[in-house]
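This structure is a prediction, so every number in the text was calculated from the model and none was measured.
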Amino acid sequence: MSRDTLPDASWSEQPFDERREIERYYAAKYLTLDWYASIGPALVKSGVAVEIHEMSASPRLEVIDLLRRRGVRFSYGTDSHGPEQLLKREFITRVLNCIGLNEADIFKPEERKGGARCTR
């Protein structure tokens with residue numbers, strides 16, 4: 001598959017690491033820092049958090065830093081499908097060490113305008 005063409009359905013049959021490489025390529029190409037900067041105010045205004053996703057190591061560090069400086073809050077997800085994945089903390093460790101996120105940067109549903117939303 002050429003990187004200049006969109007992946008077809010067979011891309012999902014690729015090994016996990018290769019799929020992540022494809023995802024990172026397209027994220028860097030189309031989800032630019034300017035694009036993230038443009039959506040930052042809407043994220044803050046709506047109280048929507050951006051997930052720091054361990055398994056895909058996304059969003060990129062420079063995106064997290066840019067959004068943090070604009071007041072966006074974050075949540076953390078492991079996307080664990082097994083015990084060995086549950087223990088993986090490499091990306092969040094890099095984020096904490098490189099970007100310096102702190103408690104004020106973490107999304108807390110109870111602080112959301114209108115309180116936490118519960119659906120049943």
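- To the nearest 0.5 angstrom, R70 atom CZ is 9.5 Å from S38 atom OG.
- Among pairs with a residue in residues 90-106, none fulfils salt bridge (charged side-chain N to carboxylate O under 4.0 Å, His left out), at least two apart in sequence or across chains.
- Here S56 contributes atom OG and E23 contributes atom CD; the two are 6.5 Å apart, rounded to the nearest 0.5 Å.
- Rounded to the nearest 0.5 angstrom, K108 NZ and R73 CZ are separated by 5.5 Å.
- Under a 4.5 Å side-chain heavy-atom criterion applied to ILVMFWY residues, the cluster that includes V48 comprises L31, L33, W35, Y36, I39, L43, V44, V50, I52, L61, V63, I64, L66, L67, V72, F74, Y76, F91, I92, V95, L96, I99, L101 as well.
- The nearest pair of heavy atoms linking S75 to A49 is N-CB, 4.1 Å.
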